[in-house]
> 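Would you mind keeping the following structure in view while I ask a few things?
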Amino acid sequence: FPVDKIRNFSIIAHIDHGKSTLADRLLEMTGAIAKTDRNKQVLDKLQVERERGITVKAQTASLFYKHKGQTYLLNLIDTPGHVDFSYEVSRSISACQGVLLIVDANEGIQAQTVANFYLAFEAQLTIIPVINKIDLKNADPDRVEKQLEKMFDIPREECIRISAKLGTNVDQVLEEIVKRIPPPTAKLGEPFKALVFDSTFDHYRGVVASIALFSGQVCKGDKIVSAHLGKTYEVNELGILRPDEQPTERLFAGQVGYVIAGMKEVKDAQIGDTFYLQKHPVEALPGFKAAKCMVFAGIYPTDQSEYPSLRSAVEKLTLNDSSVKVQKDSSLALGAGWRLGFLGLLHMEVFNQRLEQEYNASVIVTAPTVPYKTILASPKLIKEYGQEVVTIVNPTNFPEKSSVVEYLEPMVMGTIISPDDFTGKIMSLCQSRRAVQKNMVYIDDHRVMMQYLFPLNEIVVDFYDELKSMSSGYASFDYEDAGYEPAELIKIDFLLNGNPVEELTTIVHKDRAYNTGKAMCIRLKESIPRQMFEIAVQAAIGSKIIARETIKAYRKNVLAKCYGGDITRKMKLLKKQAEGKKKMRRIGNIDVPKEAFINVLKRK
Ligand code: GTP
């Protein structure tokens, strides 16, 4: 296919602004899919994606489009719609020369519009602004054009007003893709070099990698190498995506397609890696990063007998998602399980939802934590860890203050866009989360954009829900990684009658110590049943007790009512108690039911 007739583009948008709907229309109008079943959203394949209306995994389609007697090959590279996947978004985008930036005509610019715009802008791509949903009764495309001009310097004449739902002006979008986006600068005569921008696992054929060819060509039987992993594979099959796989003989520079090359795990085709021919090594494309996990949580089967089936479900799910970090873990109370690392909160939620929906797994998920770091001072510890800066994975290994230079916590830059009626409330919410305001601008007469530097830990649990509810659903939120900053962190231990309960040990910021200690003691008190004796539930920092609750002694003896009664009844009662004890963990002389741990450890 002549390179000057190729256009590679992505659609980027805030969630729900109509990316999938527009993609479907483009596919229909170019004959890639039949015009049946409107709103089917062919590109979103996962069940959870359809249910939540968000795109998790990038999908790609090659479209043939006739314009003024010429046939063009338009490669639509679908990008995941959420901030958690921003590395995937930026890699997919780097396979393109242009993007369609969709903005909802009613909602206007939202937090992810801003993030996505800058990703495309920094990659120096042609940006075609598309204002969608003009069919809505309260659509206000004039206002959206003003916002785009004010925020991004986009001239109004450049905006295309469409209704993806009804198909209004979508033909114009196709025309403008051809007119405005430049063809790729592909070098046919040079050795094969391709960017891996997505990979999926197929049970029968192994890994299917999506690639964009920057130079050269590749065909069946070629031996290819992944630059960062240094592994060699033989190409068994390749072709284009329409959006289903359509095998071809060869792929050429400028094209986008798939290869199957006997790779066993998605880790073999990492997003951002470069493929080249074994016989013609080339320099790897810049910007490769391994996925970085920002949120960790423990996952345990509700019942240990379900461990094997949960293990197989976790394995299957991670086959298709190389960004989830999996580590075996075990808790005295909850048994064998895993500690999983995720790119962000949505990523974690989607993963859990898929475990439950697709594999019918019943799981306990612990409260999410963030990766803290310490800079060690003690030479002994430095030698033990083999390095000075250590990421703390398990709170029980948290090094004491006397042996560290400082503790560090992960930070994020959060962007909030909201109608200005809620500004005051949002500001106090952010302040209560230890956030520092960095920027505040009006994007039009009634809407503000605020930027805050947040400790990640302060937003992992319920920040987004609270923001949504205090703004009646109008505020949007997005965040990006902002490195690490020094923080005064403290380890809290929990004690039952003086005996530490290891699995409850928690690391918190010093300003949160008292409240966290108190809240967890109350939850423990509520979930441990009374026993024959009084139990002190305490939270401690080192040897200092910061909170205490008391579980009063159980007054009546269970056997009391059996006195004089017949022995079999007594035995039955004792047996019942013994069975109950199997699900107990003994701490000192106290029996704690598994449910108590679940109540305290679980996400609220
Ligand atoms: P993500 O996959 O989360 O990024 O969402 P999306 O941007 O793909 O949004 P999607 O296409 O799923 O559309 C979101 C909702 O808006 C759906 O209910 C669509 O039917 C609706 N929608 C999309 N385009 C239009 C439009 O032009 N007019 C109207 N009225 N509704 C639309």
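Just follow the structure's listing: the first ligand is 1, and inside any ligand the first atom is 1.
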> So that I can tick it off, tell me whether K165 and D135 are bridged by a salt bridge, with the cut-off set at under 4.0 angstrom between side-chain N and carboxylate O.
no

> Pick one: which of S62, P183, P184 meets side-chain contact (heavy atoms from CB on, under 4.5 Å) with N8?
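Running side-chain contact (heavy atoms from CB on, under 4.5 Å) over S62, P183, P184 with N8 returns exactly one hit, P184.
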
> With sequence neighbours left out, what residues match D104 under side chain to side chain donor-acceptor pair (under 3.5 Å)?
K133

> Between F463 and F477, is the ring centre distance below 6.0 Å?
yes

> How does H17 reach ligand 1, by side chain, by backbone, by both or by neither, if only non-hydrogen atoms under 4.0 Å count?
backbone

> So between K19, K137, K133, whose heavy atom ends up nearest atom 21 (C) of ligand 1?
K133

> So, for Y479 and F454, is the gap between ring centers shorter than 6.0 Å?
no

> Considering both backbone and side-chain atoms of A13, is one of its nitrogen or oxygen atoms within less than 3.5 Å of a nitrogen or oxygen in ligand 1?
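By distance alone, the answer is no.
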
> For atom 28 (N) of ligand 1, which of L22, N106, I15, D135 has the closest heavy atom?
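Answer by nearest heavy atom: D135.
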
> Using a 4.0 Å cutoff against the non-hydrogen atoms of L136, which atoms of ligand 1 qualify?
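The list of qualifying atoms is 30 (N).
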
> Using a strict cut-off of 4.0 Å, indicate which atoms of ligand 1 neighbour a heavy atom of S20.
2 (O), 6 (P), 8 (O), 11 (O)

> Run Y474 and E107 through side chain to side chain donor-acceptor pair (under 3.5 Å) and show every step you take.
CA-CA 9 Å; Y474 284 116; E107 288 194 356; over 6 Å; no

> Just to be sure I read this right, does ligand 1 sit under 4.0 Å from the backbone of T21, its side chain, both, or neither, counting only heavy atoms?
both

